Amino acid sequence: MSGWTDSSKDFLQSQSITIFGREPVVSSSSKSYIKLGWVRRIRDAEPLDTGESIKRYVRFQIFCLLGSTLFTYKSAAYAHAKYLPLLRDFERIHTYSWGSAYLAHLYMALCRASR
């Protein structure tokens, strides 16, 4: 994901409430990262009785995938909040170029590692 992202606490809380329906548990060292353990606990407790709850469950699952598999950094225990806006429009998630984004992330990680 490129471009400007707001990493303030207000941004993180408003995005998390919009997407997950709850206030997030964040990293103590960096307020821009959400604990994936918290996301998994909330996901597993989500009742799947309405269309909106199923969409919320899928958002939880995609966010975990983004933070633990596709766009990992130093730890797979946290995911960056900059991915939250990607999950806002549920109807467009399937149109995003996830492969290209992953390749760009991998290239940047290789550049960082070579320094």
Side-chain angles (χ1 to χ4, degrees):
M1 176 174 195
S2 64
W4 180 81
T5 57
D6 185 351
S7 61
S8 71
K9 185 177 179 179
D10 292 337
F11 169 81
L12 179 66
Q13 287 181 341
S14 68
Q15 290 296 310
S16 181
I17 290 170
T18 300
I19 292 161
F20 299 139
R22 295 167 178 83
E23 247 184 72
V25 173
V26 298
S27 166
S28 58
S29 61
S30 174
K31 303 299 183 205
S32 298
Y33 289 86
I34 297 174
K35 290 184 178 183
L36 289 175
W38 171 81
V39 175
R40 288 185 186 104
R41 279 191 303 279
I42 300 301
R43 177 200 63 197
D44 294 343
E46 184 70 32
L48 301 176
D49 54 357
T50 65
E52 188 55 40
S53 66
I54 292 170
K55 286 181 183 180
R56 203 168 26 254
Y57 180 88
V58 171
R59 285 185 185 108
F60 284 128
Q61 187 63 30
I62 292 172
F63 190 74
C64 285
L65 178 68
L66 293 175
S68 65
T69 305
L70 292 177
F71 304 118
T72 57
Y73 288 100
K74 296 176 185 172
S75 170
Y78 300 96
H80 200 284
K82 69 182 177 184
Y83 303 118
L84 289 175
L86 295 173
L87 304 176
R88 190 179 319 131
D89 189 357
F90 192 81
E91 305 306 321
R92 293 187 54 209
I93 291 173
H94 73 282
T95 66
Y96 299 149
S97 181
W98 294 107
S100 299
Y102 176 72
L103 288 175
H105 172 77
L106 183 61
Y107 181 75
M108 287 178 12
L110 288 171
C111 289
R112 259 193 310 272
S114 68
R115 291 187 201 144

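This structure is a prediction, so every number in the text was calculated from the model and none was measured. In this chain, residues are counted from 1 in sequence order.
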> Is it true that a side-chain atom of S16 and a backbone atom of R22 form a donor plus acceptor pair closer than 3.5 Å?
Replying inline: yes
> Which value, rounded to the nearest 0.5 Å, describes the distance between Y96 atom OH and D89 atom CG?
Replying inline: 5.5 Å
> Below 4.5 Å, heavy atoms only, C-beta onward: do F20 and L84 meet side chain to side chain?
Replying inline: yes
> So, are E52 and R59 salt-bridged, with charged N and O less than 4.0 Å apart?
Replying inline: yes
> Between CD of Q15 and CD1 of I17, what distance do you get to the nearest 0.5 Å?
Replying inline: 10.5 Å
> To the nearest 0.5 Å, what is the distance between OG (S100) and NE2 (H105)?
Replying inline: 14.5 Å
> Between E46 and F60, does a side chain to side chain contact (heavy atoms under 4.5 Å, CB included) hold up when you go through it step by step?
Replying inline: CA-CA 10 Å; E46 184 70 32; F60 284 128; 3.7 Å; yes
> Between K55 and E91, does a salt bridge (charged side-chain N to carboxylate O under 4.0 Å, His left out) hold up when you go through it step by step?
Replying inline: CA-CA 10 Å; K55 286 181 183 180; E91 305 306 321; 3.3 Å; yes
> At what distance, to the nearest 0.5 angstrom, does CG of L36 lie from CZ of R43?
Replying inline: 9.5 Å
>> Other residues, nucleotides and ligands only: do more than 12 of their heavy atoms fall within 6.0 Å of CZ on R112?
In response: yes
>> I'd like to know if the side chain of W98 and the backbone of L66 have a donor-acceptor N/O pair within less than 3.5 Å.
In response: no
>> Please report the interatomic distance CD1(I19) to CZ(F63), rounded to the nearest 0.5 Å.
In response: 8.5 Å
>> Nearest 0.5 angstrom please: E23 CD to W38 CH2, how far?
In response: 9.0 Å
